[in-house]
Asks: 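Take this structure, written in structure tokens, and hold onto it; I'll ask about it next.
Note that the structure is predicted; figures quoted are calculated from it, not measured.
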Amino acid sequence: MNEPSARSVDVLVVGAGPAGLAAATRLAARGAGRVLVLDREQQPGGVPRHCEQRGFGPPGRWWTGPEYAARAAEAAVGAGAELSCGTTALGWAGPTTLDTTGPQGPERITARTVVLATGARERPRSARLVPGTRPAGVLTTGELQQTVHLYGQQAGRRAVVVGAEPVAYVALDALRRAGTETVAMVTGLPRSQAHAARAQWARLVGRVPLLTGAEVVEVLGRPRLTGLRLRRHDGRGAVLACDTVVFTGDFTPDQVLARQGGIALDAGTRGPAVDAAFRTSHPGVFAVGSVLHAAESARVAAHEGALAARSVLCHLTGPGRWPTAGATVRVEPPLRWIAPNRLTAGAPTACTFLLRTDRFLARPLLRVSQDGRTLHCERLHRTAVPGRPVPLSGTWTAQVDQEGGAVRVEVD
Amino acid sequence: MTVTSSGPLPEETYDVAVIGAGVVGAAIARELARHRGLRIALVEAAEDVGEGTSKANTAILHTGFDAAPGSLDARLTADGSRRLARYAAEVGIPVERVGALLVAWDAEQLARLPELAGKAERNGYHDTRLLDADELHALEPRLGPGALGALEVPGESIICPWTTTLAYATHAVLAGTDLHLNCPVNGIRQDGDRHELSCARGRLSARYLVNAAGLSADTVDAMLGHHDFTVTPRRGQLIVFDTFAGDLVRHILLPVPTALGKGVLVAPTVYGNVLLGPTAEDLPDKRATESTAGGLAALTGKGRRILPALLDEEVTAVYAGLRAATGQDDYRIRAHPEQRAVTAGGIRSTGLTASMGIAAHVTGLLAEVGLDLGAAGELPPLRMPPLGRTAARPCRQSGLVAADPEYGTVVCHCELVSRGEIRDALAAPVPPRSPAGLRRRTRAGAGRCQGAWCGAALRDLLERSPVREGV
């Protein structure tokens with residue numbers, strides 16, 4: 001009675017967020033065969049499910065997150081993909097076989113190809129090693145959004161938002177919706193990471209002051225949060241009274257399944273290392289979306305899903321050769337990571353790399369080199385902002401010596 | 001079967017009131033509950049059992065090999081360890097006999113190992129073994145460079161402290177004990193042959209009294225007019241690393257003890273995480289369970305030396321607990337015959353291990369001061385939910401899910417906790433009253449996302465449960 005039931009599919013997509021659904025939609029529409037999408041949540045759509053703000057969907061559309069999630073799921077099902085929500089992937093039973101569970105019971109699913117689209121999560125307060133008491137009222141943006149938008153629960157009276165990435169402003173919206181006053185945003189950086197208009201609006205119209213160059217050094221209160229102790233970089237300290245704090249940003253890939261499968265991870269992104277065709281180190285296993293670069297917008301993730309579908313189709317119909325690891329791509333500080341980060345022969349050269357920086361960089365010159373040989377130089381015509389994507393063209397990948405050392409990307 | 005958390009207290013006179021529903025108080029209540037003729041009240045200041053020291057410790061089931069030979073601590077730890085190991089197997093408390101290695105990092109520490117082996121012998125523990133550096137590194141390949149050797153103590157085990165306290169309390173309640181939560185004791189008055197406890201929720205009277213108030217044992221003793229000891233909280237901060245770190249360490253890695261205490265250990269947990277800690281800081285405040293930047297930095301520094309790869313893994317949780325230090329090495333367990341009372345104070349790091357030994361000892365002392373225990377019977381059968389890494393979660397079991405699909409509906413994704421298990425916890429004899437209480441019973445919200453994905457859903461289930469409406 002404890003043997004799981006078994007079935008086989010052509011493509012198994014793990015995660016029904018923007019990337020997974022976009023990949024499944026394309027694959028099903030282009031005749032990839034039996035395409036099954038799993039999601040551990042009860043509803044498909046991933047993070048957009050609990051993002052009430054508008055701005056989702058193709059350019060020109062102005063959908064809310066839930067509208068977007070519903071449309072993406074409809075598109076996948078309409079194209080012929082099978083969607084299985086409330087189904088959790090438990091681990092691997094073979095190179096492309098996953099054990100799952102759900103209300104229908106444990107199941108063993110063997111696929112010709114697996115696409116990991118497991119997304120990202122925000123590091124909670126504990127992982128950031130913020131000391132202090134452990135009171136109620138300490139949230140991440142994701143938990144706040146679910147609290148407010150999915151469950152209609154209270155979010156306290158006075159909140160502080162830690163972080164100034166675009167997602168921090170999304171948290172601000174959720175707090176406003178919950179009727180919670182936001183007393184301040186706090187960032188260790190010298191300025192906001194959001195678009196200037198957004199930051200200005202929050203500060204001037206929303207009357208939420210942005211405290212820059214400041215860090216939370218202690219959480220106070222029990223059983224409910226009563227305040228946060230801050231320290232400014234100039235050494236001054238202060239206590240902000242609040243009953244809610246939202247730790248935002250600081251995304252990390254949800255790479256549990258990849259790591260359980262022994263798939264090689266990139267030291268920078270901490271997600272699976274992939275080439276420009278979204279191929280991981282394991283034959284038949286692709287990875288796409290925020291699990292590769294935590295975290296990108298739904299639009300970027302969905303675009304990648306569509307691109308990955310092309311690679312998956314090639315693999316399903318082609319000779320089935322899986323490229324062994326070529327050179328890797330590494331970044332130098334203050335760059336934090338780059339994706340894709342695995343170079344293989346035969347991968348698309350027209351790809352775009354995405355980078356992150358730890359510091360604000362005004363119009364940086366990015367240099368790509370291998371074994372001391374410069375392959376490419378490119379100036380970014382705007383400021384590179386921490387927590388926001390920095391693009392780098394992939395036109396140089398054909399020049400890479402597959403037998404050579406790591407390709408280095410640095411700021412000149 | 002009565003658990004109250006609000007409203008007036010019963011007017012009846014109990015035979016025994018046990019003050020404090022930590023691991024020690026709950027164990028005592030359970031032991032007394034075997035005597036079915038007794039009416040017992042277990043009185044707890046907090047809203048749940050095990051809310052103090054019992055919930056925040058190193059979760060180790062000791063052998064007692066390093067206790068002070070001849071002390072009460074040594075005797076009750078050895079006795080309690082055997083009893084708890086048996087009880088754990090009976091009711092399903094997660095325990096793993098992973099063994100401990102006392103690692104020597106310098107010549108001085110290495111030279112002390114034979115002495116510690118001798119101490120273990122004097123404590124009646126004969127299974128220790130001295131390892132050279134090669135043997136040590138073969139057993140723990142990820143150990144940092146520089147370790148010179150170790151003393152192996154194969155009997156040291158890891159245990160789930162939450163399930164232990166909860167099992168005791170549940171067993172006591174199932175056998176008829178009244179558990180009164182949210183019920184701090186503010187004063188004790190003698191009224192003839194009865195104690196009148198003045199509690200935050202009203203008066204409670206009992207013929208016999210057990211003080212198992214942990215950090216507040218000195219305060220409760222003072223209410224009885226005793227000033228035998230003062231509890232000085234000793235804070236221990238701990239870091240819990242992600243289950244991916246679980247592959248890095250196989251044993252409990254203990255430092256060689258110094259005059260300053262037992263030092264910082266690295267140990268696997270029964271849930272698959274890795275624990276690093278504790279610090280040891282004497283504090284005046286009995287509520288100072290906050291972590292500090294200095295404490296965490298000290299721990300990560302030590303952890304990096306013991307197990308360098310550990311620091312590359314994600315931190316899942318940080319917590320701090322307070323041990324009830326009394327300035328004395330031994331337990332302060334004392335009967336007050338004239339008052340028909342027993343104090344179980346100064347129960348420090350071995351309290352979890354010794355709990356059942358202490359319970360048997362205290363029950364004996366109650367009989368000595370005049371309590372007629374009557375015959376002891378069997379307790380009703382009890383099976384706790386298996387939270388350990390070695391057990392298959394219900395969502396992985398076809399038979400269970402087929403019989404009840406709620407066990408296949410996963411709510412907490414990190415720890416694979418199903419809605420069925422949460423429902424069961426909410427309907428249990430001692431139900432949770434907070435997300436933290438639910439976490440200790442099911443592990444829901446205890447994983448790497450710390451409730452970021454499931455916190456709102458868990459609060460929703462908790463708030464809609466009938467238990468909450470009744471409190």
Side-chain angles (χ1 to χ4, degrees), chain A residues 1-5 40-42 50 86-88 90-91 99 101-107 121-134 136 138-153 217-223 231 247 252 254-256 259-260 267 270, chain B residues 47 56 237 239-240 242-244 287-297 300 312 314-320 392-411 413-414 416 418-419 434-436 447-457 459-460 463:
Chain A
M1 199 57 183
N2 273 338
E3 274 301 299
S5 58
R40 61 191 193 178
E41 297 293 339
Q42 301 301 319
H50 45 78
T87 304
T88 304
L90 298 169
D99 278 333
T101 192
Q104 72 290 343
E107 196 176 9
R121 59 186 172 81
E122 285 167 295
R123 279 202 179 83
R125 169 256 176 128
S126 51
R128 306 180 191 207
L129 284 181
V130 180
T133 56
R134 302 177 74 194
V138 180
L139 307 169
T140 60
T141 313
E143 187 173 3
L144 171 72
Q145 288 180 316
Q146 294 200 33
T147 299
V148 175
H149 298 315
L150 293 188
Y151 291 93
Q153 296 164 350
V217 291
E218 190 179 0
V219 172
L220 305 166
R222 64 167 73 84
R231 192 169 56 222
F247 285 93
T252 189
D254 230 329
Q255 32 68 319
V256 176
R259 200 170 165 191
Q260 282 172 347
R270 309 196 77 150
Chain B
E47 66 170 358
Q237 303 183 39
I239 300 177
V240 182
D242 193 283
T243 47
F244 277 120
R287 284 167 28 110
T289 54
E290 66 270 14
S291 55
T292 62
L296 299 181
T300 51
D312 295 335
E314 290 270 27
V315 168
T316 297
V318 170
Y319 66 92
R393 297 305 301 224
C395 72
R396 291 179 178 271
Q397 299 179 36
S398 309
L400 264 183
V401 179
D404 185 350
E406 288 283 284
Y407 289 121
T409 304
V410 176
V411 178
H413 303 299
C414 300
L416 297 176
S418 64
R419 206 157 61 196
S434 65
R448 53 177 65 87
C449 89
Q450 289 286 291
W453 289 128
C454 63
R459 278 194 297 278
D460 185 59
E463 274 157 24

Asks: Side chain, backbone, both or neither: which part of A/V138 has a heavy atom under 4.5 Å from chain B?
Replies: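 Neither the backbone nor the side chain of A/V138 comes within 4.5 Å of chain B.
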Asks: Under the salt bridge (Lys or Arg N to Asp or Glu O under 4.0 Å) definition, can you give me all pairs with a residue in residues 138-152 of chain A, not counting sequence neighbours?
Replies: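 Non-adjacent pairs meeting salt bridge (Lys or Arg N to Asp or Glu O under 4.0 Å): A/E143-B/R459.
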Asks: Measure distances from A/R134 to the heavy atoms of chain B and classify the residue's part below 4.5 Å as side chain, backbone, both or neither.
Replies: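 When you check distances to chain B, only side chain atoms of A/R134 fall under 4.5 Å.
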Asks: Counting only heavy atoms not in A/R259, do more than 12 fall under 6.0 Å of its CZ?
Replies: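 It does: A/R259 CZ has more than 12 such atoms within range.
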Asks: Under a 4.5 Å heavy-atom cutoff, which of A/G132, A/G142, A/P223, A/A127 has the most pairs with chain B?
Replies: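 Most pairs with chain B among the choices: A/G132.
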Asks: Which bit of B/A392 is near chain A, if near means a heavy-atom gap under 4.5 Å: side chain, backbone, both or neither?
Replies: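 Neither the backbone nor the side chain of B/A392 comes within 4.5 Å of chain A.
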Asks: I need the residue from A/T133, A/L90, A/T252 with the largest number of non-hydrogen atom pairs under 4.5 Å to chain B.
Replies: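 The option with the most such pairs is A/L90.
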Asks: Less than 4.5 Å to any heavy atom of chain B: does that hold for the side chain of A/E218, its backbone, both, or neither?
Replies: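 The side chain, not the backbone.
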Asks: Highest number of heavy-atom pairs under 4.5 Å with chain A: which of B/P405, B/A288, B/A452, B/G455?
Replies: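 If we count pairs closer than 4.5 Å to chain A, B/A452 comes out on top.
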Asks: For B/T316, is it the side chain, the backbone, both, or neither that has a heavy atom closer than 4.5 Å to a heavy atom of chain A?
Replies: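 Only the backbone of B/T316 comes within 4.5 Å of chain A.
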Asks: Quick one: pull up OG1 in A/T88 and CZ in B/R393 and give me the separation to the nearest 0.5 Å.
Replies: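 The CZ atom of B/R393 is 12.5 Å from OG1 of A/T88, to the nearest 0.5 Å.
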Asks: Output the option from A/R121, A/Q260, A/R128 having the highest count of non-hydrogen pairs under 4.5 Å with chain B.
Replies: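 Counting heavy-atom pairs under 4.5 Å, the top option is A/R121.
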Asks: Please classify the contact of B/Y319 with chain A as side chain, backbone, both or neither, using a heavy-atom distance under 4.5 Å.
Replies: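 Its backbone and side chain both get close to chain A.
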Asks: Considering all heavy atoms of both residues, which atom of A/Q153 and which atom of B/D460 are nearest to each other, and what is their separation?
Replies: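 A/Q153 and B/D460 have their closest heavy atoms at NE2-N, 3.4 Å.
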Asks: Is a side-chain N or O of A/R222 found less than 3.5 angstrom from the main chain of B/R287, in a donor-acceptor match?
Replies: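 Side chain of A/R222 to backbone of B/R287, a donor-acceptor pair under 3.5 Å: yes, one is there.
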Asks: Under 4.5 Å from any heavy atom of chain B, what part of A/D254 do you find: side chain, backbone, both or neither?
Replies: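 Contact with chain B is through the side chain of A/D254 alone.
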Asks: Quick one: salt bridge (Lys or Arg N to Asp or Glu O under 4.0 Å) pairs with a partner in residues 399-410 of chain B, sequence neighbours left out?
Replies: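 Salt bridge (Lys or Arg N to Asp or Glu O under 4.0 Å) check on residues 399-410 of chain B returns B/D404-B/R423, B/E406-B/R419.
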Asks: Under a 4.5 Å cutoff for heavy-atom pairs, which residue among A/H50, A/R123, A/E122 has the most contacts with chain B?
Replies: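 That would be A/R123.
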Asks: Side chains of B/V410 and A/R40, heavy atoms from C-beta outward: is any pair under 4.5 Å?
Replies: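 Heavy-atom side-chain distance check fails, nothing below 4.5 Å.
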Asks: Side chains of A/Q255 and B/F244: closer than 4.5 Å at any heavy-atom pair?
Replies: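 Result yes, sub-4.5 Å side-chain heavy-atom pair found.
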Asks: For A/P106 and B/S398, work out which heavy atoms get closest and say how close.
Replies: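 Scanning both residues, the minimum pair turns out to be CD-CA, 3.6 Å.
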Asks: Please determine, among B/E314, B/Q450, B/H413, the option with the most heavy-atom pairs under 4.5 Å with chain A.
Replies: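 Of B/E314, B/Q450, B/H413, B/H413 has the most heavy-atom pairs under 4.5 Å with chain A.
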Asks: Which heavy atom in B/T409 sits nearest to a heavy atom in A/P103, and how many Å separate them?
Replies: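 Taking B/T409 first and A/P103 second, the nearest heavy atoms are OG1-CG, 3.6 Å.
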Asks: Any sub-3.5 Å donor-acceptor pair from A/T101's side-chain atoms to B/C395's backbone N or O?
Replies: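 Checking the backbone N and O of B/C395 against the side chain of A/T101, a donor-acceptor pair under 3.5 Å is found.
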Asks: Counting heavy-atom pairs closer than 4.5 Å to chain B, which one of A/T147, A/T140, A/V217 comes out on top?
Replies: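 The answer is A/T147.
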